[in-house]
Amino acid sequence: MINVQSLTKYYEDFCAVDQINLKIKKGEILGLLGPNGAGKTTTLRMLTGFLKPTSGDIHVKDFTIEENSLEIKKLMGYLPESAPLYHEMLVYDYLTYIANIRELDTDQKNKRINDLVDLCGIREVMHRPIGELSKGYNQRVGLAHAMMNDPEILVLDEPTSGLDPNQRVEIREIIRRISKKKTIILSTHILSEAEATCNRIAIINKGKIIADDKTESLKKAASGEYFIHISLKNTSLQKIKDKLGSISGIVKIEKENSTNKIIHSKITCRTDQDLREDIYREIKKTDWTLLELYREAKTLENIFRELTKENE
Amino acid sequence: MRQVKYIFIREFSEYFISPIAYIVISIFLLITGWFFFSSFFLSNQAALRAFFLLLPITFSFVVPAIPMRLLSEEINIGTYETLLTLPVTFRDVLLGKFLAATAFTTAMLVPTLAYPIFISFLGDIDWGPVIGGYIGAILLGAAFSSIGLFASSLTRNQIIAFIIGMVICFFLTLIDKMLFFFPSSIVGFLQYIAAGYHFENISKGIIDSRDIIYFLSLSFLGLYGSHLILQEKY
């Protein structure tokens, strides 16, 4: 459905997006995930035809962005970050305006606005100026704006940023409700959100895609590994390494920090078995004092942090 | 092209939602009314000459205030992004906004129609220069709106947009009053690019195609300039 090839964008000398390749199939919900300034917004802006790429191609269906940007804009609905809308306009006037620009005819227009108002839950603010709305409502009006033409592709730039947890859940709920028949691309820097809404995640950092896989596969990759944190007294890191290094399944032992002769260390395990018992048994044989021992599951959060840190 | 209509309607009605419209209209009417009537009874003529003589100068600092927000505000708030990702072209956006500003300048002139109507009770008014003057004023308003729109495309700050627009309009209005500063070889050219000169011709009641072409090409240049700027920026 969407095919992006070696997409690059320079702002003056600064490379915001560097040779990105992406293929998005119909019906996918792709989460673009990355720290702030990673190039998510720039990528989405180029995808929606707002910014011209420095180089690279974007194909949507049979259209290319240079030649048929108007056709592509007709297929897409886009909600920019923090939903900039005309503050002075009433919600109803604004939606009518968008419907007119999108060339909906009169019957269709009223029906569509009615449907969207119910879907996004904005009936009670229809006759208020957009500038007076709370951030949550503003975002919902933005969603209604993006979905006015019932687009095949919906592009949402940080749809939940700046919202409180309840509003976030509501927006997520709306996205899930509409996701059945649509291709959705959304960007976020909140992992749990990508995990909850997307069926595919692309992690982007410094303008490059550094991981791109189905959400489940990414999670599975994470589930094979976990960490055990231990805090010990009367020992040294070397002794710990000698003693525990032989246990099969332990990949790495690192010192996190040490205070008052207590050594806090982090053990990376790559196995399906729980190694806590083995570690405890080994430590029991020595005269070390065990102060703490707990297991931390490796989550997408860890993968994300590892991937985005390595490139620094 | 249907989009032009909807953008025009939105922009035009937005002028009347915000207080700016009423402030600009009041200032315009106050200034023109005061200067016109302070000398009207002295000249003892049933004509609008004094009104039209002053109009280019009043217009050159009132009109740029009308289109100043059209693009800079959108760029500043970010609504520009939502607008341009709708299926519209730069041309639709610029034309719609330009027409809205021109319509607003025209609307601003409507209350001044009271002058010729009341003057016609006082004496025998010659309607030719009056009609010519109003046609000229609409054309001048269009040209200055387009220059203001161009200024608005340059910056996200409305005040700066206003000042840039005002400087260009003032230059075009006053250049033909300062011709004696320039060498005679370029005087003809400078006179031709002067808005004041062409407006004076029309307001005498002589509708010459050269003057009309001048105002239309000035409007076109402003729009084309903004188009280039937008294309360069986005």
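Chain identifiers are assigned alphabetically (A, B, ...) following the order of the sequence lines, protein sequences preceding nucleic acid strands; residue numbering begins at 1 within each chain.
Formation of a donor-acceptor pair under 3.5 Å by the A/D157 side chain with backbone atoms of A/S187 is not found in this model. Checked by atom type and distance alone, the side chain of B/K177 never pairs as donor or acceptor with a backbone atom of B/G196 at under 3.5 Å.
Ranked by non-hydrogen atom pairs under 4.5 Å with chain A, the options B/I77, B/L86, B/L83, B/V88 are led by B/L86. Contact tally against chain B (heavy-atom pairs below 4.5 Å) for A/M89, A/E103, A/K74, A/M76: the top residue is A/E103. In terms of heavy-atom pairs under 4.5 Å with chain A, the best-connected choice from B/E81, B/K5, B/R2 is B/E81. For the set B/I17, B/T82, B/T89, B/I7, the entry with the most heavy-atom pairs within less than 4.5 Å of chain A is B/T82.
Heavy atoms closer than 4.5 Å to chain B are found in the side chain of A/Y97, but not in its backbone. Using a 4.5 Å cut-off between heavy atoms, B/E14 touches chain A through its side chain atoms alone. With a 4.5 Å cut-off on non-hydrogen atoms, A/L79 does not touch chain B at all.
The aromatic rings of B/Y214 and B/H198 lie parallel to each other, with less than 30° between the two planes, well short of the 60° mark.
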Item to check | Steps toward ring pair (Phe, Tyr, Trp, His ring centres under 6.0 Å) verdict (B/F199, B/F59) | outcome: CA-CA 12 Å; B/F199 180 72; B/F59 257 21; 7.8 Å; no
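Using a 4.5 Å heavy-atom cutoff, the side chains of A/K26 and A/M1 are in contact.
The closest side-chain donor-acceptor pair between A/Q167 and A/Y137, if any, does not fall under 3.5 angstrom.
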